[in-house]
2 protein chains.
Amino acid sequence: MAASRDPRPCSIADALALVGEKYSLLVLREVCLGNARFDQLVRNIGAPRDILATRLRRLVDAGILTKRAYSERPQRFEYLPTQAGLELEPVLMTLMAWGDRHLRGDDDRPMVLEHVCGNELRPVVTCAACGDRVRHDDVSAHPQAPGWTVTGPSAA
Amino acid sequence: MAASRDPRPCSIADALALVGEKYSLLVLREVCLGNARFDQLVRNIGAPRDILATRLRRLVDAGILTKRAYSERPQRFEYLPTQAGLELEPVLMTLMAWGDRHLRGDDDRPMVLEHVCGNELRPVVTCAACGDRVRHDDVSAHPQAPGWTVTGPSAA
DNA sequence: CTCCGTGGGTTGGAAAATCCAACTAACCCG
DNA sequence: CGGGTTAGTTGGATTTTCCAACCCACGGAG
């Protein structure tokens, strides 16, 4: 799935090579919600069983999920997120918020998240250093490796 | 690309149906950096020209990009992010941060972002209401529509 | 005017990935 | 024994992707 002759080293591309295939992020959605078993995943995601099987293998190999037997005799397995897998949750949250905003209405959200603080969780991306919400114009890009040309206002 | 018989209404799935196809998010990475022209995109992303053309059409149709002529005679076009497109940047940033952390080392980051505050930008997802960094265990899921079963600790 | 190069695509055919229904396998229950 | 559940695997049809080649409009050099 990687862009075979991508001349550009990029962590976004690398990440997508692992979790950018069809259904992979939906698998992660499910396991983060606690739906960990094959048939649950098939039903909830709506993926073909064979594709789901290959995705699970890949995610386990990549260290994003672990496969654990929840029953010997009969052998039955469940898939749980690793630390690396859990750390993809922010990606899912921002993606969900985007979809809620741009593809649905406020009245049509399939799911609402609640934070321990008692409020509805509206996730925002902030700068770890200053705590401010990150805006497009407040960020500049500094290439560290050859292969990058940044022409826009984000230029270093 | 949508999970054809997905029984589960979900904004993540909806969003991925638009921008989850191969190369789409890399297109967004480029246009957000200011690389707006077809040949630049081909080179920087490493996508086949025909696939890139169909992706661009789709993103324009979806209102994520706009196509603008930067020269009549000869007609030449550039692709710019709309507001909806720009709002996908947080997704790219968190994905990049994840890739930097889990697929590369601190010494091997292809690109570093800088925030106006003067510090290196490390994006974190926080709760808009209380400002705290969002942790997995601090979030609970409240389905608003039928089709959801949440079995884990995130259950409503 | 002719030839070359550039930007922005389109086209046809080969290769790969996906989809689907059916099947296996291991076990439990009545 | 027959039926049901879970977790996959298999074969073949369908759909996407990939790739190289081509096309068109133009600008500039000779």
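Below, all heavy atoms of this structure are taken into account, side chains as well, without hydrogens, waters or symmetry copies. In what follows, chains are A, B, ... by sequence order, proteins preceding strands, each numbered from 1.
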Between Ile45(A) (CD1) and dC19(C) (P), how many Å, whole number? 12 Å

Using whole Å, report how far CD1 of Ile51(B) lies from P of dT10(C). 12 Å

Would you list the pairs meeting salt bridge (charged side-chain N to carboxylate O under 4.0 Å, His left out) in which at least one residue belongs to residues 112-126 of chain A, sequence neighbours left out? Arg109(A)-Glu120(A)

Polar atoms only, N or O, under 3.5 Å: list the protein pairs with nucleotides 28-30 of chain D and their distances.
none

On a heavy-atom basis, which atom in Pro90(A) and which in Val125(B) lie closest, and how many Å separate them? CB-CG2, 3.5 Å

List for me each residue that meets salt bridge (charged side-chain N to carboxylate O under 4.0 Å, His left out) alongside Arg101(B), sequence neighbours excluded, and say none if there are none. Glu87(A)

For the helix from dC1(C)-dG30(D) to dG30(C)-dC1(D), how many degrees between its two end axes (five pairs per end), to the nearest 10°? 0°

Going by heavy atoms in the side chains, are Thr126(A) and Pro123(B) under 4.5 Å from each other? no

Are side-chain heavy atoms of Val134(B) and Glu89(A) found at a separation under 4.5 Å? no

Lys NZ or Arg CZ of Lys67(B) over Tyr79(B) ring: under 6.0 Å, within 45°: no

Calculate the interatomic distance between Leu52(B) atom CG and dG8(C) atom P; express it in whole Å. 11 Å

Test item: Leu121(B) and Asp138(A) side chains (from C-beta on) under 4.5 Å apart, heavy atoms: no

Can a salt bridge be assigned to the pair Arg37(A) and Glu30(A) using a cut-off of 4.0 Å between side-chain N and carboxylate O? no

Can you measure Tyr23(A) atom OH to dT16(D) atom P for me and round it to whole angstrom units? 11 Å

Could you list the residues that satisfy salt bridge (charged side-chain N to carboxylate O under 4.0 Å, His left out) with Asp14(A), not counting sequence neighbours? Arg104(B)

With a 4.0 Å cutoff (strictly under), does any side-chain N or O of Lys22(A) reach OP1 or OP2 of dT16(D)? no

Interatomic distance where CG belongs to Leu65(B) and C1' belongs to dG8(C) [whole Å]: 16 Å

In B/S/- notation (B base, S sugar-phosphate only, - none; protein heavy atoms under 4.0 Å), nucleotides 3-11 of chain D written 5' to 3' is --BBBBBBB

State, yes or no, whether a side-chain contact exists between Leu65(A) and Leu80(A) at a heavy-atom distance under 4.5 Å. no

